[in-house]
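It should be emphasised that the depicted structure is a prediction, and the values quoted were computed from it without experimental measurement. Chain identifiers are assigned alphabetically (A, B, ...) following the order of the sequence lines, protein sequences preceding nucleic acid strands; residue numbering begins at 1 within each chain.
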Number of protein chains: 2
Amino acid sequence: MPASIGLVERLTREIVETIRTENLQPGQSLPSAKVLASRFEVTVPTVREALRRLEATGSVELKHGSGTYVREAINRRILDNPHYVPVDLAAAIELLDARIAIEPGIAELAANVQDADAVNSMESALDNALQVKTAVPAGHFHVELARASGNRALHEMLVSLLAIHSRTQQAARTSYDRLRDHDEHADILDAIRRGDGFEASHRTRKHLEAIKTAVLADWADDTDPTEGSRR
Amino acid sequence: MPASIGLVERLTREIVETIRTENLQPGQSLPSAKVLASRFEVTVPTVREALRRLEATGSVELKHGSGTYVREAINRRILDNPHYVPVDLAAAIELLDARIAIEPGIAELAANVQDADAVNSMESALDNALQVKTAVPAGHFHVELARASGNRALHEMLVSLLAIHSRTQQAARTSYDRLRDHDEHADILDAIRRGDGFEASHRTRKHLEAIKTAVLADWADDTDPTEGSRR
DNA sequence: AGTGTTTAAGTCATCTAATCACTTCAGTGG
DNA sequence: CCACTGAAGTGATTAGATGACTTAAACACT
């Protein structure tokens with residue numbers, strides 16, 4: 001019987017186990033590939049293959065000439081596919097539909113939990129949104145909203161969704177009105193602060209549906225009226 | 001300026017691009033590592049590191065002595081972290097909370113869309129659920145429900161959630177009553193068939209909340225009444 | 001002809017060894 | 001004090017070789 005899974009597979013798990021048992025936090029460095037090789041009694045190329053696997057899921061980062069470092073994603077359950085290549089604009093709409101389906105429920109939960117740190121972060125995201133030099137990344141408000149729910153799985157889910165969204169929306173330039181975006185965010189935050197789950201859910205849904213409408217309108221504008229497809 | 005990203009990083013993208021342009025479908029084999037190496041003018045170990053990255057995200061599979069094959073996940077946006085190690089039982093509850101937050105919305109969407117193939121698949125999942133030799137994997141009904149929504153992102157999300165769930169619930173043995181599970185699924189499917197989004201959403205939420213209650217009850221049973229914590 | 005075994009080619013798996021490139025930091029000299 | 005330099009450590013990539021596994025064709029036996 002093939003009870004023997006690949007050596008790299010096993011080695012990968014052992015490295016993760018090492019990170020766990022030695023309580024290495026994101027930012028800290030792993031032993032060098034050479035050290036890991038001797039410790040697990042394999043050769044350097046094998047170690048590198050295992051590290052490449054962990055790199056693909058964002059669990060570690062290989063810095064040339066410096067070392068190998070633990071990254072945040074090692075604690076994440078839900079990830080976005082780093083090798084996914086965005087295809088058409090319809091995929092962007094599909095992502096928005098997905099958000100419309102799940103974010104209202106997240107907003108409701110956030111209203112009931114109200115993780116203090118995350119709620120404050122939503123507030124600051126709100127403030128910075130109107131600044132010209134917006135250091136806050138797009139969608140940050142929504143990510144923090146998910147974090148306010150206190151559920152890490154939901155948080156990771158929205159992080160993943162927006163990561164894909166940002167890669168996809170190269171095509172779909174969302175020209176959603178900045179001021180309107182801010183106001184609607186403020187309304188949502190208000191409902192969450194009051195602990196009104198129903199309103200938070202409802203306003204979040206309306207907000208996202210409005211964005212979808214705007215994106216669709218942009219699409220219609222971009223498309224040549226005399227022609228159905230582009231390229 | 002670091003205009004130079006790693007060679008492996010670039011190579012990985014080129015391989016994905018090759019799969020795309022040559023329209024290789026899941027199950028089909030990639031050229032051998034040696035061929036890829038000469039085609040992209042790198043050496044075999046470098047190719048292998050790139051393939052390991054793709055392997056980690058389930059985009060390809062390396063079969064010893066056979067070849068490298070494309071896998072389904074190459075078309076997925078949302079993934080579960082293959083290196084995630086389940087920790088405590090509280091994480092299982094957190095996953096259930098996440099499902100309670102998002103699945104009602106998915107059920108509502110499913111009621112409005114009703115992807116024919118997926119709805120039929122839900123039906124068959126329902127039928128097989130009561131068989132002793134249950135070939136249908138756990139949670140299959142819920143995955144198909146998400147597929148019935150017609151939104152691939154949502155479908156992938158639930159696949160990921162349940163993949164993690166199955167790895168976590170080694171600890172949390174859900175002893176949810178099989179018959180009750182079946183009946184509640186039937187009720188949900190009924191609402192979806194009727195196109196009643198509100199009912200589908202409501203019944204899905206109640207169903208998941210009932211499961212959560214059952215899991216918590218199991219937990220209480222397992223825990224020694226005289227002691228608050230274990231380990 | 002049909003069946004089972006053997007053989008050979010192709011492929012991934014792993015190792016050994018070496019060179020190159022990048023980062024860091026301590027030490028040097030200004 | 002500061003800028004420069006150089007050495008050490010580390011990852012990046014290459015090269016070649018050996019082993020193990022899979023597959024299927026060639027073969028021998030029935």
Side-chain angles (χ1 to χ4, degrees), chain A residues 1-16 18-19 22 24 26-71 73-74 82-83, chain B residues 1-16 18-19 22 24 26-71 73-74 82-83:
Chain A
M1 271 301 138
S4 58
I5 61 175
L7 179 54
V8 173
E9 168 84 23
R10 180 163 54 249
L11 178 60
T12 305
R13 296 183 191 180
E14 285 176 328
I15 291 176
V16 172
T18 298
I19 294 174
E22 299 194 6
L24 292 182
Q28 291 188 283
S29 69
L30 266 65
S32 77
K34 191 179 292 186
V35 172
L36 289 175
S38 66
R39 177 182 304 181
F40 294 113
E41 295 181 323
V42 294
T43 56
V44 171
T46 305
V47 170
R48 286 185 60 80
E49 286 188 20
L51 291 177
R52 286 297 187 191
R53 286 186 50 143
L54 293 172
E55 181 194 41
T57 55
S59 292
V60 305
E61 180 180 8
L62 283 67
K63 286 189 179 179
H64 190 170
S66 175
T68 305
Y69 300 85
V70 179
R71 291 223 308 168
I74 195 166
H83 307 116
Chain B
M1 270 303 131
S4 58
I5 62 174
L7 178 54
V8 173
E9 169 83 22
R10 180 162 55 248
L11 179 59
T12 305
R13 296 183 190 181
E14 285 176 328
I15 293 176
V16 172
T18 297
I19 296 174
E22 299 195 5
L24 292 182
Q28 290 187 284
S29 68
L30 266 65
S32 77
K34 189 178 294 185
V35 172
L36 288 175
S38 66
R39 177 182 304 180
F40 294 113
E41 295 181 322
V42 293
T43 56
V44 171
T46 306
V47 170
R48 286 184 59 80
E49 286 187 22
L51 290 178
R52 286 298 187 191
R53 287 186 49 142
L54 292 172
E55 181 193 41
T57 56
S59 293
V60 305
E61 179 179 9
L62 283 67
K63 288 189 177 178
H64 188 171
S66 175
T68 306
Y69 300 85
V70 179
R71 291 224 307 169
I74 194 166
H83 308 117

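Ion pairing between a basic and an acidic side chain is recognised when a charged N comes within 4.0 Å of a carboxylate O; A:Arg53 and A:Glu49 show no such pairing.
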Legend entry - Heavy-atom protein contacts under 4.0 Å, nucleotides 4-9 of chain C, coded B base, S sugar-phosphate only, - none: ------
Inset, instruction - Indicate for each nucleotide in nucleotides 8-18 of chain D, in 5' to 3' sequence, whether protein heavy atoms under 4.0 Å reach the base (B), only the sugar-phosphate (S), or nothing (-). - result: -BBBBBBS---
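Partners of B:Ala50 under the side-chain contact (heavy atoms from CB on, under 4.5 Å) rule, at least two apart in sequence or in another chain, are B:Val8, B:Leu11, B:Thr12, B:Ile15. In this structure A:Pro45 satisfies the side-chain contact (heavy atoms from CB on, under 4.5 Å) test together with A:Thr43, sequence neighbours excluded. Scored by the side-chain contact (heavy atoms from CB on, under 4.5 Å) test, A:Ser29 finds A:Tyr69 as partners (sequence neighbours excluded). In terms of the side-chain contact (heavy atoms from CB on, under 4.5 Å) criterion, B:Ser38 has no residue partners (sequence neighbours excluded).
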Inset, instruction - Please step through side-chain contact (heavy atoms from CB on, under 4.5 Å) for the pair A:Leu62 and A:Arg52, ending with a clear verdict. - result: CA-CA 8 Å; A:Leu62 283 67; A:Arg52 286 297 187 191; 4.1 Å; yes
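Looking only at side-chain heavy atoms (C-beta outward), A:Phe40 and A:Thr18 come within less than 4.5 Å of each other.
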